[in-house]
Protein chains: 2
Amino acid sequence: MTSRAEAADMPYDGETKTPDRLRRRASRLLSGMTAQSDRLMNEGLAQVDARKWHYAVLASLQEHGPGSQATLSRRTGIYRSDMVGVLNELAERGFVERAPDPDDRRRNVITITAQGRRHLRRLDKVLDDLHDELLAPLTPAERDQFVQLLTRLLDHHTQQAPHLPIS
Amino acid sequence: MTSRAEAADMPYDGETKTPDRLRRRASRLLSGMTAQSDRLMNEGLAQVDARKWHYAVLASLQEHGPGSQATLSRRTGIYRSDMVGVLNELAERGFVERAPDPDDRRRNVITITAQGRRHLRRLDKVLDDLHDELLAPLTPAERDQFVQLLTRLLDHHTQQAPHLPIS
DNA sequence: CCTACATCGTTAGGCTGGCTAACGCAAGAG
DNA sequence: CTCTTGCGTTAGCCAGCCTAACGATGTAGG
């Protein structure tokens, strides 16, 4: 409250904030960590000729069964404009099948193939290992808590602001 | 264990994995959450004619004092090729000053101005509010823990893989 | 002094991911 | 039959991240 500012060579002009707010800002930590995570996953998946989206689509297919491209788009959070390309790649490799839906001729029904299921198992293993590396510094309990905190945060934000088609 | 596969209409071919592995993958939670966070911060900062980078630079200047562009680049994680533009924007608005360094004529010395400090205080307030919104579903204790977990993870990965110039 | 190398600010450009817009087609509602 | 909605597809924008190269300047070694 007292007038002790105006000292021109003192950089901290009355700020009592935590010194390294830059490093502590959750938003900054998040984007830093995501950058790291993306790098890790992309590199790892590239070694088995896959991408994150491949996994998302295959996993969604296996867990919720076949669906139209739009459905998959909603389930995975991939825009339907980008879904086209992803499915092309997956179909090229024989991991999914794209067949016209007889009940609704606008739609394609996407089905995972046996090969796709094998590939998915492989990806799951790869991702497990990568996540082990990603979360290496945390104990199992901490990992659970981390995931739980993230889940709660994400749920909160995707529910009241459905900006993303995720989930 | 028994052979009960081959049932073609049953999508789950013996997988005993957690059903919603897609949603639980830390990497996926992270990128989802970061997307949400980035959106929030960008929108909030845009309302005061600012960007994330502006904050990073100003905060770094205030905390560690003036420095060359390359130094700032290393401190904030902004590539020096992009730093040019950021500093142009900040200088235009009178938040920093760019002066040639007499001791090393390759360098510019960047200094935060009084106006810059005022602006930074404003940004800090804005960001505080935004983070309150971001972390709304968490209790104070949980927020701390979240930040702490993220910090540990990030430290771990940036130390042994200095891919990013961050910090 | 000369040479070799590193660092600085700057410009240009590439790649990727997220996102919007528009199209033609098909389905459903009134 | 028309209007609206959803579908798959193409095209393209924009921001972030990142590399490469340039001329100018500094540093170290002979």
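Since the model is a prediction, treat every value here as computed from it, not as a measurement. All chains are named by letter (A, B, ...) in the order of the sequence lines, taking the proteins before the strands, and each is independently numbered beginning at 1. Only heavy atoms go into these numbers, but all of them, side chains included; no hydrogens, no water, no symmetry mates.
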> Can you tell me the distance, in whole Å, between the CZ atom of Arg28(A) and the P atom of dG16(D)?
13 Å
> Using a strict 4.0 Å threshold on nitrogen-to-oxygen distance, state whether Arg143(B) and Asp132(B) make a salt bridge.
yes
> Using a cut-off of strictly less than 4.0 Å, decide whether Gln69(B) has a side-chain nitrogen or oxygen near OP1 or OP2 of dT10(C).
yes
> Using salt bridge (charged side-chain N to carboxylate O under 4.0 Å, His left out) as the criterion, list what pairs up with Arg122(B), not counting sequence neighbours.
none
> Starting from P on dT20(C), measure out to CD1 on Ile78(A) and report it in whole angstrom.
16 Å
> Rounded to the Å, how far apart are Gln36(B) CD and dG18(C) C1'?
13 Å
> Among the candidates dT10(C), dC7(D), dC19(C), find the nucleotide nearest to the side-chain atoms of Val84(B).
dT10(C)
> How many Å lie between CG on Leu72(B) and P on dT7(C), as a whole number?
18 Å
> Rounded to whole Å, please give me the gap between CG in Asp82(B) and C1' in dT19(D).
11 Å
> Given dC7(D), dG8(D), dT11(C), identify the nucleotide with an atom nearest to the side chain of Ser81(B).
dT11(C)
> What is the distance, to the nearest angstrom, from the CZ atom on Arg80(A) to the C1' atom on dG24(C)?
13 Å
> Can you tell me the distance, in whole Å, between the CG atom of Leu87(B) and the C1' atom of dT11(C)?
15 Å
> Specify the separation, in whole Å, of atom CZ of Arg51(A) and atom C1' of dG17(C).
11 Å
> Please list, chain by chain and in numerical order, all residues satisfying side chain to side chain contact (heavy atoms under 4.5 Å, CB included) with Arg152(B), sequence neighbours excluded.
Leu138(A), Glu142(A), Gln148(B), Leu149(B)
> State whether Tyr79(A) places a side-chain N or O below 4.0 Å from either non-bridging phosphate oxygen (OP1 or OP2) of dC19(C).
yes
> Which heavy atom in Ser60(A) sits nearest to a heavy atom in Arg75(A), and how many Å separate them?
OG-NE, 2.8 Å
> Name every residue in residues 88-112 of chain A that has at least one heavy atom under 4.0 Å from any atom of DNA chain D, in order of residue number, or write none if there are no such residues.
Arg98(A), Arg106(A), Arg107(A), Asn108(A)
> Can you tell me if the side-chain N/O atoms of Arg39(A) get under 4.0 Å from OP1 or OP2 in dC18(D)?
yes
> Side chains of Thr34(B) and Ser31(B): do they bring a donor and an acceptor to under 3.5 Å?
no
> Check the pair Arg106(B), Asp101(B) against salt bridge (Lys or Arg N to Asp or Glu O under 4.0 Å), reporting the backbone distance first and the verdict last.
CA-CA 7 Å; Arg106(B) 291 170 302 177; Asp101(B) 184 341; over 6 Å; no
> Is there a side-chain hydrogen bond (donor to acceptor under 3.5 Å, both in side chains) between Gln69(B) and Arg98(B)? Walk through the geometry before answering.
CA-CA 9 Å; Gln69(B) 301 189 188; Arg98(B) 212 204 232 113; 2.9 Å; yes
